[in-house]
2 protein chains.
Amino acid sequence: MHDHAATHDHGCGGAQAAIARAERLCRERDLQFTRLRRDVLTAVASQTRPMGAYDIAEALSEPGRRVAAVSVYRALDFLTEHGLVHRIASRNAFVSCGHSHTDGAGLVFLICRNCGTIDETTAPEVEDQLGRTLAKAGFRPISRILEVEGECGACLGQAGAEG
Amino acid sequence: MHDHAATHDHGCGGAQAAIARAERLCRERDLQFTRLRRDVLTAVASQTRPMGAYDIAEALSEPGRRVAAVSVYRALDFLTEHGLVHRIASRNAFVSCGHSHTDGAGLVFLICRNCGTIDETTAPEVEDQLGRTLAKAGFRPISRILEVEGECGACLGQAGAEG
DNA sequence: GTTGGCGGTGATACACTGTAACACTCGGGC
DNA sequence: GCCCGAGTGTTACAGTGTATCACCGCCAAC
């Protein structure tokens, strides 16, 4: 249950890509990509499951370097503000952004109830329909969260093979 | 900001309807609609804005009757389990269900950033599209949350009239 | 070189959100 | 009377997030 490997470009390899993207974005926007922010992003991006702020703080703490949760929150604020990580409201946790758009709009998060892996996709048709529904209701959207909990394809395949 | 009135069937009148619906549902399913559960539902249904569990506990406490948050949580568990109230993940708060379906599927919550009012609607077209997207991704959904933050029609109308 | 401002960080404390565990009450069945 | 189960009261505690202040490093100004 705890050693479920990444199914696509997350995992340890994904962390490097996330870091590279962050470095580029910070250079473009003249932002400081400090060590703490890099470390927090690395920790989050090395997992396919959402990490809590305190988990991150613990993961980053070593003998001789204690990272307080409050520092992690500040780094997460920065990273989420610039679309490098996303907050999963239903879990109070964070995942690295798997895309390169970094605008944070129109995302759908698929959270597997079995293995805990989070998949991040976009669904333009859903966004279109939702936009129409909101317009009809006279509501002007600013941000939205769409999180689906269920069973991912990998777990369904395993269950089918085993059962 | 704090005296914004209900825009439709919420408010003090909505509470009575919610209670009536809850009583009927509990009778049908042979559930206990106890005083605490009724009081919690009344408190939640009398507001158009989502209430935190501790807000509810405070609202229910009087001289001579202290309602602990943990009791409120248990009542909320019961009420959410039977679709009488909904949890707003992005706010860690709860609202009374404005519909009579009580199955909790396919709901969209519209949260006004200005007045804090929550509107609850269904959007079958959005659900259809989302279902197709999930099927294409090989993901079997069990539950989903869809919460939109923005500006409600009432506030947009006021801003337009004032500005 | 020193000073002063500013953004980021460290650290403590605190507020808010949610759960675990246990005792008690109340009603129904034996 | 006794047991039993559901609901509630109570305390304690874990998890999540913010406020506040001090410190540090960098850079610009003097």
Side-chain angles (χ1 to χ4, degrees), chain A residues 22-23 25-27 29-44 49-82 84-95 116 145 147, chain B residues 22-23 25-27 29-44 49-82 84-95 116 145 147:
Chain A
E23 283 177 340
L25 181 141
C26 289
R27 212 161 31 230
R29 303 189 191 178
D30 201 26
L31 301 170
Q32 297 187 42
F33 193 54
T34 64
R35 178 190 172 191
L36 180 64
R37 292 169 180 177
R38 181 170 38 80
D39 289 353
V40 168
L41 179 57
T42 303
V44 172
R49 301 151 72 139
M51 286 185 89
Y54 282 70
D55 296 337
I56 299 170
E58 193 178 351
L60 261 46
S61 292
E62 304 163 322
R65 186 199 183 198
R66 179 188 158 233
V67 178
V70 59
S71 302
V72 173
Y73 274 110
R74 280 188 292 230
L76 287 171
D77 284 345
F78 172 87
L79 295 171
T80 54
E81 191 176 341
H82 296 96
L84 295 166
V85 310
H86 300 298
R87 178 183 160 77
I88 306 300
S90 60
R91 299 285 181 108
N92 293 326
F94 300 83
V95 291
I145 65 176
E147 302 171 9
Chain B
E23 283 177 340
L25 181 142
C26 289
R27 214 163 27 232
R29 302 190 191 177
D30 200 26
L31 301 170
Q32 297 188 42
F33 193 51
T34 64
R35 178 189 172 190
L36 180 65
R37 293 171 179 176
R38 180 169 38 81
D39 289 353
V40 168
L41 179 57
T42 303
V44 172
R49 301 152 70 140
M51 287 185 87
Y54 281 69
D55 297 335
I56 299 171
E58 193 177 351
L60 262 46
S61 293
E62 306 163 321
R65 184 198 185 198
R66 179 185 160 241
V67 178
V70 58
S71 300
V72 173
Y73 274 110
R74 282 187 290 229
L76 287 171
D77 284 344
F78 172 86
L79 294 170
T80 54
E81 191 177 341
H82 295 96
L84 295 166
V85 311
H86 300 298
R87 179 184 159 78
I88 306 300
S90 61
R91 299 284 180 109
N92 293 327
F94 300 83
V95 292
I145 66 176
E147 301 171 11

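Lettering of chains follows the sequences in order, A, B, ..., and the numbering in each one begins at 1.
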Comparing B/Val70 and A/Ala93 on DNA chain D - which has the more 5′ nearest nucleotide: B/Val70
Give the nucleotide from the list C/dG10, C/dG18, C/dT19 with an atom nearest to the side chain of B/Phe94. C/dG18
A/Asp39 with A/Arg65: basic N within carboxylate O range, under 4.0 Å: yes
By the 4.0 Å heavy-atom rule, please label A/Arg65 as base, sugar-phosphate, or nothing. nothing
Options D/dT11, C/dT12, D/dT8, nucleotide nearest the side-chain atoms of B/Leu36: D/dT8
State the CZ-CG distance between B/Arg38 and B/Leu84, to the nearest 0.5 angstrom. 14.0 Å
Determine the contact category for B/Thr34: base if any of its heavy atoms lies under 4.0 Å from a base atom, sugar-phosphate if only primed atoms, P, OP1 or OP2 are that close, otherwise nothing. sugar-phosphate
Side-chain N or O of B/Arg91 less than 4.0 angstrom from OP1 or OP2 on D/dG17? no
Using the side-chain heavy atoms of B/Ser71, tell me which of these nucleotides is nearest: C/dG8, D/dT8, C/dA20. D/dT8
Classify B/Arg74 by what it touches in the nucleic acid, base, sugar-phosphate, or nothing, heavy-atom distance under 4.0 Å. base
Check for a donor-acceptor pair, side chain of A/Glu147 on one end and backbone N or O of A/Ile88 on the other, with a separation under 3.5 Å. no
Nearest-Å distance for atom pair CE/C1', residues B/Met51 and C/dT17: 15 Å
Tell me which donor-acceptor pairs under 3.5 Å the side chains of residues 67-80 of chain B have, and how far apart each pair is, sequence neighbours excluded?
from	atom 1	to	atom 2	distance (Å)
B/Thr80	OG1	B/Leu76	O	2.8
B/Thr80	OG1	B/Asp77	O	3.0

Measure from CD on B/Gln32 to C1' on C/dG28 and round the result to the nearest Å. 11 Å
Length of the CZ-C1' vector between B/Phe33 and D/dG7, whole Å: 14 Å
Under 4.0 Å between a side-chain N or O of B/Arg37 and OP1 or OP2 of D/dT8? yes
For a quick test of reading the model: is some side-chain N or O of A/Tyr73 closer than 4.0 Å to OP1 or OP2 of D/dG17? yes
Judged by nearest nucleotide, the residue sitting upstream toward the 5' end of DNA chain C, B/Ala53 or A/Tyr54, is A/Tyr54
Does B/Arg37 reach the main-chain N or O of B/Gln32 with its side chain, forming a donor-acceptor pair under 3.5 Å? yes
Using a cut-off of less than 4.0 Å, is there contact between a side-chain N or O of A/Arg66 and OP1 or OP2 of C/dG10? no
Which is true for A/Val67 with a 4.0 Å heavy-atom rule: it touches a base, it touches only sugar-phosphate, or it touches nothing? nothing
Send over the distance from A/Glu58 CD to D/dT16 P, rounded to a whole Å. 12 Å
Does a side-chain N or O from A/Asn92 land closer than 4.0 Å to OP1 or OP2 of D/dG17, or not? yes
